[in-house]
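Only a predicted model underlies this, so the values are computations on that prediction, with no experimental measurement involved.
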Protein chains: 2
Amino acid sequence: MRKGELTHQTILETAVRLASRVGLQGLSIGGLAEELGLSKSGLFAHFKSKTELQVQVLEAATAVFTERVVRPALGKARGEPRVRALFDGWLTWDRDKLLEGGCIFVAAAAELDDAPGPARDTLVQSQRDWLDCLAQAARIAVAEGHFREALDVEQFAHDQYAVMLGFHHAKRLMRDPQAEARARRAFDALVAAAHTPTS
Amino acid sequence: MRKGELTHQTILETAVRLASRVGLQGLSIGGLAEELGLSKSGLFAHFKSKTELQVQVLEAATAVFTERVVRPALGKARGEPRVRALFDGWLTWDRDKLLEGGCIFVAAAAELDDAPGPARDTLVQSQRDWLDCLAQAARIAVAEGHFREALDVEQFAHDQYAVMLGFHHAKRLMRDPQAEARARRAFDALVAAAHTPTS
DNA sequence: GCGGAAAAAGCACGACCGTCCTATGAAGTG
DNA sequence: CACTTCATAGGACGGTCGTGCTTTTTCCGC
């Protein structure tokens with residue numbers, strides 16, 4: 001029971017990378033098998049269905065995201081530094097070679113937003129956790145006195161997410177070389193507004 | 001040459017609606033034909049290829065968007081009222097029955113961001129025009145004295161777009177009932193920041 | 001090294017895909 | 001009304017899709 005789990009892991013790694021390029025729907029069993037040098041049926045045996053593959057791909061991507069973005073930020077000082085670290089980590093994540101096709105969650109969000117099922121449920125849960133994480137970081141920043149008392153931390157998390165979506169759009173679709181600079185400016189404005197009491 | 005163009009138009013209408021649900025890739029010739037009660041080959045004859053269909057769907061959607069969002073806003077007073085009208089029209093657009101599957105441009109952006117070709121080119125041009133339209137409205141608001149002199153109008157357009165992307169994400173994927181309220185609050189903050197000189 | 005278990009391959013299935021070719025029907029023109 | 005042009009239907013093609021069988025190969029504990 002060791003060799004199996006190893007290839008299982010390898011499959012998911014490649015699948016995440018491939019899905020970032022072609023999407024969760026576009027990720028085909030046959031194509032994935034060929035990329036790995038496996039037979040279609042041999043690969044299929046690891047997942048009972050394509051839906052299960054999609055779910056596991058999303059879970060694997062979430063795990064990588066947590067490892068690469070969330071965990072490093074938790075090492076930073078509580079409050080605004082950590083909020084900024086989360087944002088910086090996010091920008092880095094989008095630059096990762098693992099995701100040549102752009103953030104897999106953004107792609108999946110567009111594909112699954114009207115497709116009820118286990119894959120959608122998994123994605124929504126993952127996104128909810130991430131938004132909660134962002135809100136919690138902002139909440140701590142309020143407690144530390146970095147952000148104003150009355151700040152709506154859920155709104156802050158929502159706005160922060162919107163900035164990232166704008167960044168992704170500008171960079172990946174529009175190929176705007178200023179995408180990152182624009183995103184940083186937008187985020188700085190958000191943080192500045194969180195400082196001043198009731199702007 | 002009359003009957004043909006009529007059905008051509010009918011096909012595109014249905015195609016836009018269908019594509020908003022299943023995406024541009026998911027839009028299949030056979031499925032579209034069945035929805036319309038046409039034969040697959042009869043429908044295919046109107047477009048030389050699937051790519052051409054996708055391009056025309058995007059063009060048709062752009063035309064509708066211009067008609068429903070841009071044109072009404074041009075009837076509003078120059079400056080901030082028009083900027084706000086564009087935003088309001090945008091929110092309304094997303095509520096339109098024509099787009100039960102969510103804004104077709106958002107879906108297409110995720111699908112095409114790594115798929116070079118005529119469809120991508122058409123989408124990028126459409127988005128560029130729209131961003132230019134938003135920036136121009138902001139520029140007028142500066143000229144009218146509503147927004148501060150030094151405002152970076154391209155950044156403003158970019159940020160406005162980001163707010164809409166955040167709205168779409170919150171509403172369609174997360175099913176957040178507060179999505180619209182959040183979007184309005186974010187946009188108001190953007191406008192407020194455009195008022196004050198160098199925040 | 002052997003034998004049982006796990007992993008991968010081979011193969012076939014029905015369904016749907018985009019595309020093309022050909023025939024038939026209807027629309028428009030003289 | 002005849003004739004041409006155009007719009008649609010029918011059918012077939014090579015492919016790929018997800019998914020099940022059965023067989024073969026590989027791994028691992030004794």
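In this structure D132(B) satisfies the side-chain hydrogen bond (donor to acceptor under 3.5 Å, both in side chains) test with no other residue, sequence neighbours excluded. Checked against side-chain hydrogen bond (donor to acceptor under 3.5 Å, both in side chains), Q25(B) has no partners two or more places apart in sequence or in another chain. In this structure, the ring pair (Phe, Tyr, Trp, His ring centres under 6.0 Å) partners of H8(B), at least two apart in sequence or on a different chain, are H46(B), F47(B). Taking the ring pair (Phe, Tyr, Trp, His ring centres under 6.0 Å) definition, one finds that H168(B) meets it with nothing, sequence neighbours left out.
Taking atom CD of residue E34(B) and atom C1' of nucleotide dA9(D), one finds them 15 Å apart after rounding to whole Å. As a whole-Å value, the separation of E5(A) CD from dA8(C) C1' is 16 Å. At whole-Å resolution of the value, NE2 in H46(B) and P in dC20(C) are 16 Å apart. Atom P of nucleotide dC17(C) and atom CG of L43(B) are separated by 12 Å, given to the nearest angstrom. Straight-line distance from the CG atom of L38(A) to the P atom of dA7(C): 13 Å, rounded to whole Å. Rounding to whole angstrom units, CG of residue L6(B) and P of dG28(C) are separated by 11 Å.
Residue H8(A) places no side-chain N or O under 4.0 Å from the OP1 or OP2 atom of dA7(C).
Here the two rings, on W130(B) and F105(B), have centers that are 6.0 Å apart or farther.
When heavy atoms are screened at a 4.0 angstrom cut-off, A45(A) is found touching no nucleic acid atom at all.
Listed by first then second residue, pairs satisfying salt bridge (charged side-chain N to carboxylate O under 4.0 Å, His left out) with a partner in residues 62-76 of chain A read E67(A)-R71(A), R68(A)-D96(A), not counting sequence neighbours. Within the structure, the ring-ring contact (aromatic ring centres under 6.0 Å, His included) test picks out no pair touching residues 19-42 of chain A (sequence neighbours left out). Judged as a salt bridge (charged side-chain N to carboxylate O under 4.0 Å, His left out), the pairs with a partner in residues 99-113 of chain B (not counting sequence neighbours) are, in order, R172(A)-D113(B), R21(B)-E100(B). Counting only residues at least two apart or in different chains, side chain to side chain donor-acceptor pair (under 3.5 Å) contacts with residues 133-144 of chain B comprise R78(B)-E144(B), Q136(B)-R139(B), R139(B)-E154(B). Each salt bridge (charged side-chain N to carboxylate O under 4.0 Å, His left out) pair with one or both residues in residues 115-129 of chain A, not counting sequence neighbours, would appear here, but there are none.
Among the duplex regions that DNA chain C forms, those built from at least three successive Watson-Crick or G-U pairs under 3.5 Å are C:1-24 with D:7-30, C:26-30 with D:1-5, ordered by first number.
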Q. When every nucleotide of nucleotides 17-24 of chain D is labelled 5' to 3' by its protein contacts under 4.0 Å (heavy atoms), B for base, S for sugar-phosphate only, - for none, what sequence of letters results?
A. SBBB----

Show the distances under 3.5 angstrom between N or O atoms of the protein and N or O atoms of nucleotides 25-27 of chain C.
none

Q. Should Q127(A) and H169(B) be marked as a side chain to side chain donor-acceptor pair (under 3.5 Å) after you check the CA-CA gap, both sets of side-chain angles, and the distance that decides it?
A. CA-CA 10 Å; Q127(A) 296 286 281; H169(B) 185 267; 3.0 Å; yes

